[in-house]
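We number each residue from 1, following the sequence as shown. Atoms within each ligand, like the ligands themselves, are counted from 1 in listed order.
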Amino acid sequence: MMRSIILIAVLFAFVGCQETAQKTPDANTKKPTAVASGAEIYKTKCAMCHGADGNLGIGGAKKLTESQLDLAALKTQIKKGKGTMPPFETQLSAEEIDAVADFVMGLRK
Ligand code: HEC
């Protein structure tokens, strides 16, 4: 008896999961804001050292407006950090790193 109750509970949990899995793509297409925008990520994770416009340069940081890094190198630096800049690969998802890298590219003149 106990066994079949557990079986039913597991079955319900499984069906519940499948329902949310089916709803997710739909919810995502309707709400693209689920991933924070590059500008928001920059404001919360980067601006304290680099400044709102990329020119603050705390701790010897280069002006992001004058950075020569290409997009791939930029993403690597965000992921791995450098010198006093912390690595962000454990704090940000790949999508968030892409978004903030695009934003930083846009700070250049
Ligand atoms: C704790 C302060 C700090 C934070 C937070 C920080 N950085 Fe940095 N950043 C630095 C420092 C210092 C350097 C210079 C590292 C070096 O070259 O030794 C740097 C360098 C960089 C560079 C390289 C510029 C170049 O051309 O060499 C980029 C790009 C960059 N940061 C982007 C970001 C982004 C994007 C974020 C947020 C996700 C961020 N940083 C968060 C301090 C910080």
Side-chain angles (χ1 to χ4, degrees):
M1 184 59 195
M2 196 59 197
R3 261 191 153 187
S4 56
I5 289 171
I6 291 168
L7 197 73
I8 288 164
V10 168
L11 206 71
F12 269 107
F14 183 68
V15 170
C17 280
Q18 278 208 320
E19 266 177 22
T20 37
Q22 280 169 356
K23 277 176 196 157
T24 312
D26 206 5
N28 277 349
T29 46
K30 278 176 195 155
K31 283 186 197 162
T33 46
V35 173
S37 76
E40 283 169 48
I41 298 163
Y42 183 85
K43 227 189 291 170
T44 54
K45 303 281 185 190
C46 323
M48 66 285 236
C49 291
H50 291 289
D53 59 1
N55 287 326
L56 187 60
I58 294 267
K62 278 192 198 140
K63 289 185 178 182
L64 297 183
T65 51
E66 291 169 9
S67 173
Q68 301 292 316
L69 295 178
D70 64 24
L71 189 59
L74 179 67
K75 285 181 190 173
T76 304
Q77 177 139 355
I78 297 169
K79 276 184 214 156
K80 305 289 177 198
K82 190 181 175 192
T84 42
M85 177 167 158
F88 286 93
E89 62 188 344
T90 55
Q91 295 186 43
L92 298 173
S93 68
E95 289 81 12
E96 288 170 330
I97 289 171
D98 286 351
V100 77
D102 282 344
F103 178 80
V104 168
M105 290 303 262
L107 290 173
R108 296 182 191 180
K109 288 168 188 146

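Checked against a 3.5 angstrom limit, the closest N/O atoms of H50 and ligand 1 fall inside it. For Y42, no nitrogen or oxygen atom sits less than 3.5 Å from a nitrogen or oxygen atom of ligand 1, counting backbone and side chain alike.
Less than 4.0 angstrom separates some heavy atom of C49 from each of these atoms of ligand 1: 1 (C), 2 (C), 3 (C), 4 (C), 5 (C), 42 (C), 43 (C). Every atom of ligand 1 is numbered from 1 in the order shown, and the set under 4.0 Å from a heavy atom of L74 is 29 (C). Within the listing of ligand 1, atoms 5 (C), 37 (C), 41 (C) sit less than 4.0 angstrom from a heavy atom of K45. Near A61, meaning under 4.0 Å from one of its heavy atoms, ligand 1 places the atoms 9 (N), 10 (C), 11 (C), 12 (C), 13 (C), 14 (C), 19 (C). Close approach to V104 involves these atoms of ligand 1, each under 4.0 Å from a residue heavy atom: 35 (C). Shown in contact with T84 at under 4.0 Å from a heavy atom are these atoms of ligand 1, numbered in order with element: 1 (C), 12 (C). Near G59, meaning under 4.0 Å from any of its heavy atoms, are these atoms of ligand 1: 12 (C).
Of the candidates C46, S67, A47, G38, it is C46 that places a heavy atom closest to atom 36 (C) of ligand 1. Taking each of Q68, K63, Q77 in turn, the one with a heavy atom nearest to atom 21 (C) of ligand 1 proves to be Q77. Between atom 17 (O) of ligand 1 and the options E66, M48, K82, the minimum heavy-atom separation is to K82.
To the nearest 0.5 Å, atom CD of residue Q91 and atom NZ of residue K45 are 4.0 Å apart. Between the CG atom of D70 and the CE atom of M105 there is a distance of 7.0 Å, given to the nearest 0.5 Å. For the atom pair L92 CG and T44 OG1, the distance stands at 8.0 Å (nearest 0.5 Å).
Contact annotation: M85 places an N, O or S atom under 2.8 Å from atom 8 (Fe) of ligand 1.
Contact annotation: the side chain of L107 approaches that of Y42 to within less than 4.5 Å [non-hydrogen atoms, C-beta and beyond]. Between L71 and D102 there is a side-chain heavy-atom pair separated by less than 4.5 Å.
The shortest non-hydrogen separation linking E40 to A36 is OE1-CB, 3.9 Å. The minimum heavy-atom distance between G59 and T84, with the atom names listed, is O-OG1, 3.5 Å. Residue K75 comes nearest to A101 through the heavy atom pair CG-CB, 3.7 Å, listed as atom of the first residue, atom of the second, then distance. Scanning all heavy atoms of the two residues, the minimum distance from K62 to H50 falls at O-ND1, 3.9 Å.
With a 4.0 Å heavy-atom cut-off, ligand 1 is reached by the side chain of L64 but not by its N, CA, C or O. With a 4.0 Å cut-off on non-hydrogen atoms, P86 touches ligand 1 through its side chain and not its backbone.
Put simply, L56 and L74 are part of two different groups of oily side chains (I, L, V, M, F, W, Y) that touch within less than 4.5 Å, one to the next.
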